[in-house]
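The structure presented is a predicted model; accordingly, all values stated were derived computationally and were not measured. Letters go in sequence order (proteins before strands), and every chain restarts at 1.
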There are 2 protein chains.
Amino acid sequence: MVRMADVAREAGVSVMTVSNVVNERLPVNEPTRARVMAAVEALGYEVNLTARHLRAGRTDTVAFIVPSFHDYFGEVSDKIAPLIEAEGRHLVLERTSGSPEHEMAALSVARLQLYDGVLLSVAGLDRDQLDRVRTTKPIVLLGERDVPDRFNHVRLANEEGARLATAHMIEHGSRRIVGLGCTFDTAHMMTSDRRIGWERAHRDAGLDVDARYVVPISTFTSAAGRDALLDVIASGLPFDGVFAVTDVVALGAVAALAESGLRVPTDVQLAGFDNLDMSSFVPPGLTSVDANHEGVAETAVGLLHRQMAGWTGPAEHVVAPVRLVVRGSTRGGA
Amino acid sequence: MVRMADVAREAGVSVMTVSNVVNERLPVNEPTRARVMAAVEALGYEVNLTARHLRAGRTDTVAFIVPSFHDYFGEVSDKIAPLIEAEGRHLVLERTSGSPEHEMAALSVARLQLYDGVLLSVAGLDRDQLDRVRTTKPIVLLGERDVPDRFNHVRLANEEGARLATAHMIEHGSRRIVGLGCTFDTAHMMTSDRRIGWERAHRDAGLDVDARYVVPISTFTSAAGRDALLDVIASGLPFDGVFAVTDVVALGAVAALAESGLRVPTDVQLAGFDNLDMSSFVPPGLTSVDANHEGVAETAVGLLHRQMAGWTGPAEHVVAPVRLVVRGSTRGGA
DNA sequence: GAGCGGGATTTTAGCGTTAAAGTAAAGAGT
DNA sequence: ACTCTTTACTTTAACGCTAAAATCCCGCTC
């Protein structure tokens with residue numbers, strides 16, 4: 001390993017002068033600078049980031065900590081990365097599997113030291129656990145769980161999105177809409193909020209809310225969505241609409257409906273949530289609540305930058321607006 | 001920040017004893033150990049990982065460097081993570097956008113220092129550029145590009161997979177199969193290899209290879225796949241099969257066919273490559289070449305572990321076997 | 001020609017940890 | 001009683017870098 005000291009010896013200057021050249025901190029005379037640069041090239045020197053970090057107390061790196069790397073989080077991460085890089089920092093992703101233990105470990109003193117700031121997509125921790133986190137490190141929380149006031153937080157208008165999607169299907173003739181995965185669950189505020197929206201759309205339209213149409217799913221996967229809807233079909237419960245709690249789950253519903261010979265949107269209307277890249281391509285086009293990933297990314301990164309720049313005002317709690325993207329899976333579509 | 005020195009003072013021992021308790025390196029008498037642990041708890045001490053790294057020369061972290069976070073790479077990352085964690089290390093993801101500059105930067109001396117090992121999915125660098133990388137850091141390269149012998153490398157049986165998929169469609173009656181995205185391109189060995197497989201399937205069956213059926217696409221996205229296939233349809237070129245270079249592109253083809261009123265598999269058979277999670281749910285089920293993400297992950301991580309454990313034998317170049325998963329989008333399916 | 005201002009460069013002093021060598025005291029062997 | 005081990009803990013010396021203070025050198029003033 002080539003050290004600054006090696007470069008300094010080669011160039012006949014002190015280590016500090018090399019540091020000043022490399023970091024462009026204090027001005028260095030041109031002839032000296034040239035000699036140092038030549039030595040850097042000749043030896044192939046590159047700074048030791050760990051040593052710099054220890055000494056300077058800054059890593060120029062931001063972590064985005066997610067439950068899993070695929071689907072929704074993968075797409076959001078790709079929006080966040082350029083925003084972080086635009087400020088000259090690196091973005092790294094870490095995975096928690098959504099477990100409270102992993103999320104807590106990610107917020108531990110030891111791990112937070114590795115980053116200048118952290119974006120955490122909360123899936124497992126509750127308000128009390130988060131309240132135990134003591135740190136001044138810039139942190140922005142994402143996701144639908146309840147969090148302490150002192151953290152910056154960005155979440156989606158879940159209830160409104162679910163209401164929009166459900167109301168849209170009611171407007172176009174559906175009367176028995178399955179809420180696929182819309183369970184009332186303290187562990188998943190997201191599903192609870194979306195269920196409330198599903199209910200409100202019914203009430204707003206003067207329709208009964210029938211608990212049999214709330215169908216729980218074991219995990220938020222397409223496979224679970226498909227299986228759950230197949231069970232509904234097999235049970236004989238009549239339905240003419242499906243609001244799936246996420247697009248991934250909706251894709252499972254698409255498969256279940258196709259296998260069962262039910263036509264979309266003629267027999268059953270279908271809407272999801274997240275508006276993933278794939279959603280516009282799955283025939284006949286999946287109507288979905290668009291959460292504006294890009295806007296969410298900008299908001300979250302903006303709050304983080306503000307904190308990293310030294311802002312100490314009160315934390316913000318942003319509810320990102322949503323809109324309904326109507327496609328062929330509902331009758332309002334093209 | 002609480003330092004080891006603070007714990008040492010609190011417990012009335014030397015810093016080194018604290019270190020020995022925390023790391024369980026040298027044995028410490030039980031009463032002393034208990035006092036140190038009590039002080040650790042009382043002060044909320046956690047080790048400074050940066051300092052440990054600088055001193056010990058080890059980060060217990062592995063990086064997986066990918067072109068982008070979504071789709072294929074997101075799914076593979078989720079397979080890799082548990083394998084790295086099983087050995088007590090952390091996995092972090094970094095993104096290169098597939099650009100040679102970013103990939104080269106990720107392999108720079110400075111950045112490699114941050115990790116005990118690196119998995120790099122090569123998308124932009126060519127053999128010569130990779131050959132300029134001088135390091136003894138454990139590295140495993142993934143992907144379809146040509147790489148120097150001295151690197152461990154895992155790639156897929158691209159040609160064989162493309163041949164399998166194409167031959168399967170020929171066997172079930174297709175005679176004019178579009179190779180969607182299967183261009184001959186030095187920048188993308190992946191597409192070239194898959195094109196060769198597409199060609200070989202034709203020759204094996206005694207069919208002509210018609211260059212008009214090789215359709216280039218601008219990017220490997222569903223949107224590009226859809227647009228390109230719509231152009232083919234508009235051009236009037238007759239076809240009865242589509243082999244898409246990836247499942248993401250195949251999804252675009254699904255959309256184009258549906259919009260154009262072409263039935264799958266009756267009018268047109270369709271097969272993709274990668275067997276993503278979504279592929280089994282998109283009606284009528286996407287026939288796809290399965291690259292066995294899990295097996296690829298195990299192989300790559302195995303090679304990395306071997307290197308991190310000190311193995312200095314010759315590098316291995318693994319070609320991961322593929323198999324065809326037949327679903328409803330081709331006529332052999334259920 | 002003594003004194004001063006200021007740019008260029010070096011010296012000093014760690015950042016928080018750990019490998020290795022050192023010391024002190026208790027126990028074992030002859 | 002004196003070595004010889006063994007156990008328990010401490011001291012020393014970095015790892016490679018940089019903020020801040022100190023020094024050096026030069027031209028310039030009066």
Side-chain angles (χ1 to χ4, degrees), chain A residues 1-40 43-61 108-116 137, chain B residues 1-40 43-61 108-116 135-137:
Chain A
M1 150 159 302
V2 183
R3 282 136 42 249
M4 251 187 199
D6 301 319
V7 177
R9 192 173 342 98
E10 175 86 8
V13 296
S14 75
V15 174
M16 208 47 222
T17 299
V18 178
S19 175
N20 283 328
V21 169
V22 169
N23 297 301
E24 299 180 332
R25 219 179 90 85
L26 299 183
V28 175
N29 244 9
E30 180 48 33
T32 314
R33 212 192 63 81
R35 271 212 324 288
V36 170
M37 285 310 289
V40 165
L43 301 178
Y45 170 77
E46 293 186 42
V47 71
N48 182 320
L49 295 171
T50 303
R52 170 183 290 173
H53 178 198
L54 179 59
R55 180 61 240 233
R58 139 187 76 87
T59 61
D60 298 325
T61 301
S108 67
V109 175
R111 302 288 294 288
L112 287 176
Q113 286 166 344
L114 297 175
Y115 305 112
D116 289 351
K137 181 76 59 173
Chain B
M1 150 160 302
V2 184
R3 283 140 35 251
M4 255 188 196
D6 302 318
V7 177
R9 190 173 343 96
E10 175 85 7
V13 297
S14 74
V15 174
M16 210 47 223
T17 299
V18 178
S19 175
N20 283 327
V21 169
V22 170
N23 298 301
E24 299 180 333
R25 216 178 93 87
L26 299 182
V28 175
N29 238 13
E30 180 47 34
T32 313
R33 209 191 66 81
R35 269 211 327 285
V36 170
M37 286 308 289
V40 165
L43 301 179
Y45 169 77
E46 292 186 42
V47 71
N48 182 319
L49 294 171
T50 304
R52 169 183 288 172
H53 177 199
L54 178 61
R55 179 61 242 225
R58 144 185 72 88
T59 61
D60 297 325
T61 302
S108 67
V109 176
R111 303 288 295 287
L112 287 175
Q113 287 166 342
L114 297 174
Y115 305 111
D116 288 352
T135 178
T136 56
K137 182 76 60 174

Any idea which heavy atoms bring A:Asn23 and A:Arg52 closest together, and the distance?
-> OD1-NH2, 2.7 Å

Can you pull out how bent the helix from C:dG1-D:dC30 to C:dT30-D:dA1 is, comparing the axes over its first five and last five pairs, to 10°?
-> 60°

Please determine if a side-chain N or O atom of B:Asn23 lies less than 4.0 Å away from the OP1 or OP2 oxygen of C:dT18.
-> yes

Heavy-atom count around B:Glu24 CD within 6.0 Å, excluding the residue itself: above 12?
-> no

Nearest heavy-atom neighbours spanning B:Arg3 and B:Tyr45 = C-CE1, 3.6 Å

Let me know the distance between OH of B:Tyr45 and P of C:dG16, rounded to the nearest Å.
-> 10 Å

Nearest 0.5 Å, what's the OG1-CG distance between B:Thr135 and B:Leu112?
-> 5.0 Å

Boundaries of the chain B footprint along DNA chain D (any atom under 4.0 Å from a heavy atom) = D:dA8 to D:dG16

Is there a side-chain polar atom (N or O) of A:Thr17 under 4.0 Å from OP1 or OP2 of C:dT10?
-> yes

Check each residue of residues 49-58 of chain B for a non-hydrogen atom within less than 4.0 Å of any atom in DNA chain C, then write out the ones that pass by number, or none.
-> B:Ala51, B:Arg52, B:Arg55

Separation of C:dG16 atom C1' from B:Met1 atom CE, nearest Å, is 9 Å

Give one of base, sugar-phosphate or nothing for B:Val28, where a contact means two heavy atoms less than 4.0 Å apart.
-> sugar-phosphate

Tested for side-chain contact (heavy atoms from CB on, under 4.5 Å) against B:His53, the lone hit among A:Leu49, A:Leu114, A:Thr50, A:Leu54 is A:Thr50

List for me each residue that meets side-chain hydrogen bond (donor to acceptor under 3.5 Å, both in side chains) alongside A:Arg111, sequence neighbours excluded, and say none if there are none.
-> A:Glu94, B:His90

Looking only at non-hydrogen atoms, find the nearest pair between A:Ala39 and A:Glu10 and report the distance.
-> CB-CG, 3.5 Å

What distance separates A:Asn48 CG from A:Glu46 CD, expressed to the nearest 0.5 Å?
-> 10.5 Å

Any side-chain heavy atom of A:Val13 sitting closer than 4.5 Å to one from A:Thr32?
-> yes

Partners of B:Arg58 by side-chain hydrogen bond (donor to acceptor under 3.5 Å, both in side chains), sequence neighbours excluded?
-> B:Asp60

Taking only the side-chain nitrogens and oxygens of A:Thr32, find out if one of them lies under 4.0 Å from OP1 or OP2 of C:dT9.
-> yes

Could you check B:Leu26 against A:Val2 and say which one's nearest nucleotide on DNA chain D is further toward the 5' end?
-> B:Leu26

Between atom CG in A:Leu114 and atom C1' in C:dT17, what is the gap in whole Å?
-> 14 Å

What residues, two or more places apart in sequence or in another chain, satisfy side-chain hydrogen bond (donor to acceptor under 3.5 Å, both in side chains) together with A:Asp116?
-> A:Thr59

Whole Å only: how far is the CE atom of B:Met4 from the P atom of C:dA19?
-> 10 Å

Can you tell me the distance, in whole Å, between the CG atom of A:Asn29 and the P atom of C:dT10?
-> 11 Å

Given atom CG of A:Asn20 and atom P of C:dT11, what is their separation to the nearest angstrom?
-> 14 Å

